[in-house]
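First up is the structure itself, then whatever we jot down about it.
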Number of protein chains: 2
Amino acid sequence: MSTIEQVALLAKVSVATVSRVVNNSAYVSEATRERVEQAIKKLNYQPNALGKLLRKETTSMVLILLHSVDNPFFATIVQGIEKVAHENDYNVLICNTYGDTEREQHYLKMLRNHLVDGVVFISNTCTSDEINYLNATFPVVQVVEYLTDIDAAHYSIDFYQAGRDLMDILYKNGHRSIGFVHTGSTEIVSSKEKFRAYKDFMKERRLPLITNYPDECLFGYANAKKIAGDLLDKHPKTTAFFATSDLLACGIIDELNFRGKSVPKDAMVVGFDNTSYAYVGKPNITSVELNSFQLGAMAMEYLMSKIKNKPVAHNNKCLIPYQIIERESTKKDSR
Amino acid sequence: MSTIEQVALLAKVSVATVSRVVNNSAYVSEATRERVEQAIKKLNYQPNALGKLLRKETTSMVLILLHSVDNPFFATIVQGIEKVAHENDYNVLICNTYGDTEREQHYLKMLRNHLVDGVVFISNTCTSDEINYLNATFPVVQVVEYLTDIDAAHYSIDFYQAGRDLMDILYKNGHRSIGFVHTGSTEIVSSKEKFRAYKDFMKERRLPLITNYPDECLFGYANAKKIAGDLLDKHPKTTAFFATSDLLACGIIDELNFRGKSVPKDAMVVGFDNTSYAYVGKPNITSVELNSFQLGAMAMEYLMSKIKNKPVAHNNKCLIPYQIIERESTKKDSR
DNA sequence: AACGGTAATGTAATCGATTACATTCTAAAG
DNA sequence: CTTTAGAATGTAATCGATTACATTACCGTT
């Protein structure tokens, strides 16, 4: 790899002139420019970003921290973030933390080290204090998942109300034995709020809770089936399920089918996030559309304002409207 | 943000000593160490990685370039890559290129600029010459998708043979009117090889080709249904479909159901990649398991060897075994 | 010829670390 | 009381860029 010095040497000019040619930043005579460009081509010179970044104080890159990209729901948020980033000539780096604090800290070091200009948390394992500290020093924003009791901005939806809306659908369809099924972390705001919605709804109607939450929250599709099976063993008369994701809903339907029950005739199921699983699953699954592209875009807009020290356009603790998408899994007359 | 100089000043030592404390790299007396650590704590000092990286020539980070994380199939490859990376104290940055050359070039600049130590291509838009050049200068590896006529290493499977195996299943089940459905890029080796397998298989048996490939390769689920619909309009007697992905297979099954045909009774369908769609879809879909976790791990092992200048353990143009997973969508006696 | 203005280029400080080399200090050995 | 090894610390060069400031070259005015 050649350096600016080698180029300067070959072109018989100073490094300053080479820099001027590369960055088009000041007067350079046509003849010199030509000579420098020749030298650059000959040496196949690529400016080393480290030198540049060390001098400048900006990188035109932001980090996206999330649990893992294997959830297709996250992909849409990322796309929203990327759209706004690209409009601002920024690029994004996506990092899987797998909910591992140590790994998250490693990536956050990139922020503290000025290797990136800001961070979007789609999920995090930080303490409130830590995010508060980061937020005081660096551009930081949370999207979809967020910590409530902190200064950092967030863009999300009202998971509690969305949860109640789903419960309403099941209830209005006559269901009284409604189960709540969740896998994965119980520490995230979405799962807490969904459960609070379920719990409140059932308690207000003096109905018994039927759930694995939060005692046994394994991960993945196979475990979803197992949990649904366990609940059905304990509460065989359960006729409706609130699953906290579409994939879980698919697992529950599978288990119901396995036990000879058909959806929505014998039991109804709702999911969450309106991912492709919601319409790939048979029957299609009633779900909640979060407008995650828009959420990602709004969060990134906020972050860009912070980075560029401009006033922030919208409220920085923002819950935007969601849509309930009713599908076959809660339609009485279907099939 | 405080610098090493401020710490040195506060602790009344030289920057060299601070650096020694931080990196534990040479003799430092207990008393001094204490004093420096106090100063670090008081100033909340975080070493600026740029300074360090500029001096050192390694970053302990690699880039993963792929089309977009919205394909859950990629997530497993990434996990394999990450496993080996973490074992070597490396971290990975995932970058969506959306098949956009310009964006890809931007990220590759990070490689040329020494912001990362190497690159894993899961898909690329580079020319052969470009990859050859990169490969000559930097640690580079391709996984799953690859360019054939170049020096760079790749880890993948024999898509051609896998395609023929799938065709065999459909053929042995008595199907003669077999359609081939693809959406997305036609420029990638997997789609080329799958199609070649289909074409050869059909031609050897003097059967007519029924396909949209490569004339009209739109993206996504909705388009899959449309394409399947078009093929069925033109060739109503088509009784089997080779879909190049599981999600496509789901779309085709949907369209078949819409037209009153049931799978596998009236028509059979096979997918590819053995993603969660393959078992979420109803009926479950026969697919090809690529062992993508292992592929990712092997590719990253190769990359680590290159980065550390160690001899490479396995052949660097490697096609590993795959598995055909037969499910309901090709089972004659099912339902 | 002297002057001034501007275009063109160069010099050297700077960013924040690491580290080769130099220097000082300490304590044990002779 | 030297001598000396090696522990402890400091000085300054270095990585590869950018850029403030200095300098030179050139040209047109008066």
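Chain identifiers are assigned alphabetically (A, B, ...) following the order of the sequence lines, protein sequences preceding nucleic acid strands; residue numbering begins at 1 within each chain. All values below come from the heavy atoms of this structure, side chains included, with hydrogens, waters and symmetry mates left out.
In this structure, CE on A:Met298 lies 7.0 Å from CD on A:Glu301, to the nearest 0.5 angstrom. The line from CD1 of B:Ile40 to OG of B:Ser2 is 9.0 Å long, rounded to the nearest 0.5 Å. Here B:Leu290 contributes atom CG and B:Ile157 contributes atom CD1; the two are 4.0 Å apart, rounded to the nearest 0.5 Å.
Counting any heavy atom pair closer than 4.0 Å across all strands shown, B:Ser29 reaches sugar-phosphate atoms only and no base atom. Within 4.0 Å of B:Val22, counting heavy atoms only, lies no atom of the nucleic acid at all. Using a 4.0 Å heavy-atom distance criterion, A:Gln46 is classed as a sugar-phosphate-only contact.
Screening B:Lys41, B:Arg33, B:Arg35 against B:Glu37 for a salt bridge (charged side-chain N to carboxylate O under 4.0 Å, His left out) leaves a single residue, B:Arg33.
Taking the C1' atoms of five terminal pairs at each end of the helix from C:dA1-D:dT30 to C:dG30-D:dC1, the two resulting helix axes are inclined by 70°, rounded to 10°.
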Original post:
Does the pair B:Ser68 and B:Asp70 meet the rule for a side chain to side chain donor-acceptor pair (under 3.5 Å), with working shown?
Top reply: CA-CA 5 Å; B:Ser68 155; B:Asp70 68 1; 3.2 Å; yes

**OP:** Could you go through the side-chain contact (heavy atoms from CB on, under 4.5 Å) check for A:Ser60 and A:Asp89 one step at a time?
**Re:** CA-CA 7 Å; A:Ser60 295; A:Asp89 287 319; 5.9 Å; no

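Where DNA chain C meets chain A (any atom under 4.0 Å from a heavy atom), the bounding nucleotides read 5' to 3' are C:dA7 to C:dG16.
Aromatic ring pairs are classed by plane angle as parallel below 30°, tilted from 30° to 60° and perpendicular above 60°; the pair B:Tyr155 and B:Tyr302 is tilted.
The number of heavy-atom neighbours closer than 6.0 Å to CD of B:Glu5, taken from other residues, nucleotides and ligands shown, is 12 or below.
If you measure from atom OH of B:Tyr27 to atom P of D:dA8, you get 8 Å, rounded to the nearest angstrom.
Map B:Pro47 and B:Arg20 each onto its nearest nucleotide of DNA chain C; the residue landing nearer the 5' end is B:Pro47.
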